[in-house]
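For reference, the structure is listed below as structure tokens.
Order of listing sets the numbers, starting from 1, for every ligand and every atom in it. Basis for what follows: all heavy atoms, side chains included, without hydrogens, waters or symmetry-related copies.
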Amino acid sequence: MSATPLQFAEWTLAMQSRVEYVLTKHMPAETEAPHTLHRAMRYAVLGGGKRVRALLAYAAGEFCGASADDVDMPAAAVELIHAFSLVHDDMPCMDDDDLRRGKPSTHKQFGDATALLAGDALQSLAFELISGAHSATQPSQQVSILHCLAVATGSRGMAGGQSIDLESTGIKLTQSQLAQMHALKTGALIQAAAMMGAYSADNLDSDKMTAVDTFSKSIGLAFQVIDDILDTEADTATLGKTAGKDAEQDKSTYVTLLGLDTAKTLAKSLYKQAIAPLEVYGREADRLISLANFITQRQF
Ligand code: GRG
């Protein structure tokens with residue numbers, strides 16, 4: 001169990017390598033036809049990203065009693081969905097960004113049509129991995145995991161949040177409207193990542209499940225508040241994506257709404273809200289709490 005920052009750093013590196021290995025192994029090879037599509041899919045997914053959603057799945061799984069083997073497919077699947085959303089988000093018809101994870105966005109590298117298809121195929125692959133022969137969990141757990149990921153990805157989750165975001169450009173949202181939009185656009189997938197980890201455990205304890213649910217809701221929102229702060233404070237080289245994009249596109253953010261200092265205070269209070277239901281579990285919850293720290297103190 002994680003206790004010191006060094007142990008957490010080691011665990012983080014181990015889990016990031018682990019999910020990278022699972023993704024590398026289970027994604028179609030570039031040598032498999034259609035070559036361009038498979039190259040674009042691998043380009044969008046491999047060798048980049050903090051893998052926060054996979055880390056949440058592994059940490060929540062461990063907290064609830066699942067092994068890392070049990071969580072491998074859900075962890076890989078949530079990263080595939082996340083990568084798919086980034087591919088589509090970067091396209092000219094959405095946020096229109098040329099840079100992602102420090103390299104040209106997928107549509108800049110492969111063209112719009114291939115990027116669109118790569119995103120679609122990554123989404124399908126996520127569900128294929130969870131429901132396929134390599135899944136380590138029982139069919140009833142797989143159904144819970146599939147349902148959780150499907151809802152978080154669709155119009156009642158990420159796609160819905162993105163739609164609200166598109167409609168809100170140039171409009172000043174209230175704090176509660178902003179929170180509602182981000183709960184869907186960013187929060188739903190972060191929450192699903194943690195819940196899929198929980199559902200990977202046999203005989204899931206319902207109090208632990210509730211604790212993970214409450215934790216992940218608050219940490220999902222905290223993630224977005226920090227994202228808004230970094231968009232203002234960090235530079236493009238550090239972020240690996242274009243900084244200052246929100247202001248350029250006249251978007252409501254926590255920084256434009258509250259100012260930098262209040263946005264930082266809000267992130268701290270969401271962190272406290274997130275870890276509150278875990279504190280009763282003592283050392284058992286160390287990893288999730290360290291991860292909440294990692295998310296709220298990240299620099300990119
Ligand atoms: C059609 C279902 C469907 C989805 C497409 C484009 C879109 C709809 C949704 C966009 C969702 C989106 C891109 C939200 C932003 C989330 C966010 C803050 C991304 C950055 O996440 P990090 O920092 O990135 O975890 P890394 O690169 O570290 O993985």
Side-chain angles (χ1 to χ4, degrees), residues 12 15-16 19-20 23 43-57 75-97 99-103 105-107 112 115-127 149-169 178 181-194 219-232 234 236 238-243 245-246 249 251 253-255 267 291 294-300:
T12 300
M15 292 302 126
Q16 285 167 333
V19 76
E20 193 73 19
L23 287 164
Y43 177 87
V45 173
L46 300 175
K50 298 176 289 297
R51 308 298 189 203
V52 162
R53 293 151 191 82
L55 293 174
L56 277 163
V78 73
E79 287 294 332
L80 291 174
I81 295 284
H82 171 55
F84 135 67
S85 80
L86 299 179
V87 172
H88 282 192
D89 191 49
D90 288 338
M91 292 184 69
C93 58
M94 295 267 182
D95 256 14
D96 193 10
D97 209 316
L99 189 69
R100 174 65 66 181
R101 294 176 170 171
K103 57 184 191 181
S105 310
T106 306
H107 70 279
D112 288 2
L116 192 67
L117 279 178
D120 291 341
L122 289 173
Q123 173 164 207
S124 298
L125 183 61
F127 295 104
L149 189 59
V151 173
T153 305
S155 63
R156 297 189 172 110
M158 187 173 69
Q162 180 77 352
S163 173
I164 298 171
D165 192 13
L166 291 174
E167 284 168 359
S168 318
T169 301
L178 196 61
M181 174 181 85
H182 286 311
L184 298 177
K185 185 181 146 180
T186 310
L189 197 61
I190 287 181
Q191 190 173 18
I219 213 62
L221 199 51
F223 184 96
Q224 184 60 51
V225 177
I226 298 293
D227 210 68
D228 287 355
I229 293 169
L230 291 174
D231 188 69
T232 309
T236 298
T238 310
L239 289 180
K241 60 180 180 179
T242 313
K245 202 82 209 232
D246 297 330
Q249 294 185 334
K251 289 205 167 165
T253 73
Y254 282 100
V255 176
L291 198 44
F294 176 80
I295 287 170
T296 49
Q297 286 170 23
R298 69 199 170 95
Q299 303 298 316
F300 63 96

Can you tell me the protein heavy atom closest to [atom] and the distance?
atom                    : result
atom 25 (O) of ligand 1 : Arg53 NH1, 2.7 Å
atom 28 (O) of ligand 1 : Lys50 NZ, 2.7 Å
atom 16 (C) of ligand 1 : Thr186 OG1, 3.9 Å
atom 14 (C) of ligand 1 : Lys185 CE, 3.5 Å
atom 3 (C) of ligand 1  : Phe84 CZ, 3.3 Å

Notebook entry, point to check: Quick one: does Leu189's side chain get under 4.5 Å of Ile81's, heavy atoms only?
Noted result: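 Yes, at least one pair of side-chain atoms sits under 4.5 Å.
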Next item on the list: Taking the side chain as every heavy atom from C-beta outward, state whether Leu178 and Gln224 have any atom pair closer than 4.5 Å.
Entry: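 The answer is no; the side chains never approach within 4.5 Å.
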Margin query: Tell me if a side-chain donor or acceptor on Ser155 pairs with a main-chain N or O of Gly160 at a distance below 3.5 Å.
Written below: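 No: the side chain of Ser155 does not pair with the backbone of Gly160.
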Checklist line | Donor-acceptor contact present, side-chain Lys103 to main-chain Gly48, <3.5 Å | finding: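 Not at all, since once roles are kept as given, no pair shorter than 3.5 Å links the two residues.
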Item checked: cation_pi(Arg101, Tyr43) dist<6.0 Å, angle<=45 ->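 So Arg101 doesn't make the cation-pi contact.
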Notebook entry, point to check: N/O of His82 under 3.5 Å from N/O of ligand 1, yes or no?
Noted result: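 Checking ligand 1 against His82, an N or O pair does fall under 3.5 Å apart.
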Side chain or backbone of [X] under 4.0 Å from ligand 1, or both, or neither, by non-hydrogen atoms?
X      : answer
Thr153 : both
Phe300 : neither
Arg298 : side chain

Next item on the list: Work out which heavy atom in Val45 is nearest to a heavy atom in Arg51; give both atom names and the distance.
Entry: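 Nearest pair, atom of Val45 first, then Arg51: O-NH2, 2.6 Å.
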Check: Where is the tightest heavy-atom contact between Leu56 and Ile295, given as atom of each residue plus distance?
Finding: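 Looks like CD1-CD1, 4.3 Å.
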Notebook entry, point to check: So between Arg100, Gln162, Met158, whose heavy atom ends up nearest atom 7 (C) of ligand 1?
Noted result: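 Looking at heavy atoms only, the winner is Gln162.
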Could you list the atoms of ligand 1 found under 4.0 angstrom from a heavy atom of [X]?
X      : result
Arg101 : 26 (P), 27 (O), 29 (O)
Gly49  : 26 (P), 27 (O), 28 (O), 29 (O)
Ala159 : 2 (C), 3 (C)
Asp227 : 18 (C)

Note to self: Within the 3.5 Å criterion, strictly below it, is a donor on Asp97 or Thr242 matched to an acceptor on the partner's side chain?
What the structure shows: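 Yes - a donor-acceptor pair under 3.5 Å links their side chains.
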Checklist line | Rounded distance (nearest 0.5 Å) linking atom NZ of Lys185 with atom CD1 of Ile164 | finding: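 Reported value, rounded in 0.5 Å steps: 11.0 Å.
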